[in-house]
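So you know, we letter chains A, B, ... as the sequences are listed, proteins then strands, and number each from 1.
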Amino acid sequence: MNRFNPAVSDGRWQRIWDERAAFRADSTSNKPKTYVLEMFPYPSGRIHMGHVRNYTMGDVIARFRRARGFEVLHPMGWDAFGMPAENAAFERKTHPEGWTRQNIAAMRAQLKTLGFAFDWSRELATCDPDYYGHEQALFLKMLEAGLVYRKESFVNWDPVDMTVLANEQVIDGKGWRSGAPVERRKLSQWFLKITDFAEDLLDGLGDLAEWPDKVRLMQENWIGKSKGLQFRFAINGSSDTLEVYTTRPDTLFGASFAAIAADHPLASKLAHDNPGLAAFIEDCRKSGTSAAEIETAEKKGYDTGLSVIHPLDPTRQLPIFVANFVLMEYGTGAVFGCPAHDQRDLDFARKYQLPVIRVVGDADEPVYNEAFVGTGKLVNSQFLDGMEVEEAIAAVIARAEADGWGTGTTQYRLRDWGVSRQRYWGTPIPIVHCGDCGVVPVPLDQLPVKLPADVSFDKPGNPLDHHPTWKHVDCPKCGKPARRETDTLDTFADSSWYFIRFASQPEDKPFDRAEAESWMPVDQYIGGVEHAILHLLYARFWTRALKACGMIDVEEPFKQLFTQGMVTHETYKAMDGRWLEPTEVIAKDGALFEIASGAPVTAGRIEKMSKSKKNTVDPTPIIEQYGADAVRWFVLSDSPAERDLQWTEAGIDGAWRFVQRVWRLVDGCEDADGEDADLTRAVHRAIQGITDDIEALRFNKAVAKSYELAGAIEKAKPSKDRVKAIHTLIQLVSPAMPHLAEEAWSALGEDGLVIDVPWPVADPAMLHDDTVTLAIQINGKLRDQLDAAKGAPRADVEALVLARDKVVAALDGGHPKKIIVVPDRLVNIVI
RNA sequence: GCCCCUGUGGCGGAAUUGGUAGACGCGCUCGACUCAAAAUCGAGUGUUGAAAGACGUGUCGGUUCGAGUCCGACCGGGGGCACCA
């Protein structure tokens, strides 16, 4: 008996697909087109199991749709710019480009061993000047359309290394290398006007029926549309006013203070002759820029001594505080505090001994340490008393508009997209700053603005800025000496249009409109759920921006989205706190030890595989041992695709066994006459089930049904139908196990490749059974079962059930109160 | 802190709209084949109980003839939070 030998077969079939250019996507094809895309990888070094899972899912869909008669575009490329390359350059004295290119070569070779049906002729890397040059053109197009502007905003500043830090590089408020407390510092930066599209991006979610609900919900909350009241407080003893925004104008009578952001112009103004306040503002800036850091920081305030006049009750004055929890980026950078109905305001009020005035709900029940955030009727609120919250909101807005101190407005939480990065390894922003002409775009015929190769990473900071000559250029407009922009674009820009470049890649422009439109939108997009907000929102925005620029008539880039779960693994830590790789750890007598030293190891949490935690697993040795198909089969089989998959070494064996089990069926396939109606019914059920499951990306269920079909074939006696069933089984598993399928197809004596055989279709007449097993319940508890004809009339079923021994015994001569019959499922006797 | 998701045997999970909980796989146990092992094949496998049965889907409560599924509160785990990709 032969065994299937992937060491020989995998390479053979990969070569044959390659020679025939089997997966080349033809833009001029007459077949219906479909575009299957997985999020392209960052070339971090080696592929990991998350990649294998992601690309296997996409590959199954791509091969399945190909078999269903589609012209399939299924490309692969590299999200090649980013910080890790610069970190490697800094640490190992290598050049980011060399490091990146090496990683791409290694990962491409690894992906090829998995036999993915990619159109490699369209491969691209975002660090190719060919790619980022076109991106620069798109940036300038957006600049021209008024979608790009400059403004000051905060960055994390490491005062020792004198460099900007990413949020990831701020650990417990300190710079990751210097260990110095991080500060916020203002820098002039480039922004894209994503907020111009806030309403449109929100509306568009409604049409994305084939996106997961949770992703649409997260994006909706991220955009954060709210309706409220924007109004002016008169500042006591001054002609100035303080503009605030609130979503709860109904609680205005419960206001007991006003608070402004540390970066609010009023705060800066007051700080001039108030050293205490200046110190407080300084203190507020001693933290990073991330929301998680700011919002979990201790709530602190500084009483400015000023107060505002309550707009609905001029006899009341509210103190103005500068507070570290008010964000300048949201609303107007100023709020009023209503402690009784907002937990944060309540904590603040208790800390600074401010009044707590209940204005919603039961007036007799005072608010102590828990704010009342529910709804109810207004109290202690003059003309609002007795109104419901919604009514009161409308009433206050109406009053404000009538009296002229405020207006009802719509706000979005969404902020414009800051794209400036003070780093080398990214797309240079194609701008020249000229003393006379100001901001001057680099002319299109001078693109790409290429990164200089000769840079040094000896000192922290942006090598482009340190470069002796690169930034010194003549102004393209007036010819006088000028300065090149040294910031590069956020790498999210690179991944915001690569899917269009995949569809069409002319040399002289970013894409050919007609060709791109013939493939777009991506029909099936697959990637990690961790991208649910940022990447997907930026890509949706960028596509809309291109449409607004008149470059493409596509609004939503991804028609159907699937967010796969992550591949996780236990983490391991040595006694001295070092993270250890799974291969460095051994389990003995229920405890863990470091192999090298024998020292005990603590098992940490199960987390997303990441380089920093070292809990990654390299797929290559496993592919070498078991072959591509077993690995592909395993990553599909164990967990639902949208859920996290915990990688364990056990389990791959089961997939390997199935590969051989299918091979044995093929190898032992005997020609014979005669029919086998039961087996044929099982085959058609499997065709229907597996087809539906693949379409819905329920791969784990398709796998289970494949096992069932294999089992049915094993049990069947030789017959003509059994030979057919084996052929069908091979077709059904071919998207997931393509190498085995080709080998089997050829071994069965078929000419041609299984990839060219149309997908089987189930005969609806073969999908039904004549009898069903009914459950018999007494008071909702299962007591008996009964085989009955499918679709039997209710009266017949009832009679049959009432005659059962167990039912007779339970009734004990009495009558049932009620009989519930669920056709073809169950009968429940209520006694 | 805020937003989103998730919790079912020893393990991964299945259960289409509320209708027989545990499909399928892993692991384990026993048996067959073998000098032996591997591979393979067969039987069994939620807990408890001799059996009938009882119990059982993170916890507590509710709706219902019937709840893993719906509602409320709570607990645990994960993802995102705008400069990680």
Q) Could you give all pairs that pass the salt bridge (charged side-chain N to carboxylate O under 4.0 Å, His left out) test and reach residues 530-540 of chain A, with sequence neighbours left out? A) A:R540-A:E556

Q) Under a cut-off of 3.5 Å for both distances of each Watson-Crick or G-U pair, what dot-bracket string does RNA chain B give, using [ ] for crossing pairs and | for inter-strand pairs? A) (((((((..(((......[....)))((((((.......))))))(((....)))..(((((..]....))))))))))))....

Q. Where the side chain of A:K214 is defined as all heavy atoms beyond and including C-beta, which of B:G12, B:C5, B:C41 is the nearest nucleotide?
A. B:C5

**Q.** Sub-4.0 Å heavy-atom contacts from residues 289-298 of chain A onto RNA chain B, ordered by number
**A.** A:S290, A:A291, A:A292, A:E295, A:T296

Q.
Any base atoms under 4.0 Å from A:F492, or only sugar-phosphate, or nothing? Heavy atoms, all strands.
A. base

Q: Select base, sugar-phosphate, or nothing to describe what A:Q189 touches, counting heavy atoms under 4.0 Å on all strands.
A: base

Q: Can you figure out which of B:G79, B:A85, B:A82 approaches the side chain of A:P84 most closely?
A: B:A85

Q. Are the charged groups of A:K351 and A:E298 less than 4.0 angstrom apart, N to O?
A. yes

Q: Quick one: label A:I829 by what it contacts on the DNA or RNA (base, sugar-phosphate, nothing), any heavy atom closer than 4.0 Å.
A: nothing

Please list, for nucleotides 46-55 of chain B, all pairs of protein and nucleotide N/O atoms separated by less than 3.5 Å.
residue	atom	partner	partner atom	Å
B:A54	OP1	A:R783	NH2	3.2
B:C55	OP2	A:K781	NZ	3.3

Q: Determine, for nucleotides 19-26 of chain B in 5'-to-3' order, which nucleotides have protein heavy atoms under 4.0 Å from the base (write B), from only the sugar-phosphate (write S), or from neither (write -).
A: BB--BSSS

Q.
Suppose we screen for ring-ring contact (aromatic ring centres under 6.0 Å, His included). Which residues come up paired with A:F154, at least two apart in sequence or across chains?
A. none

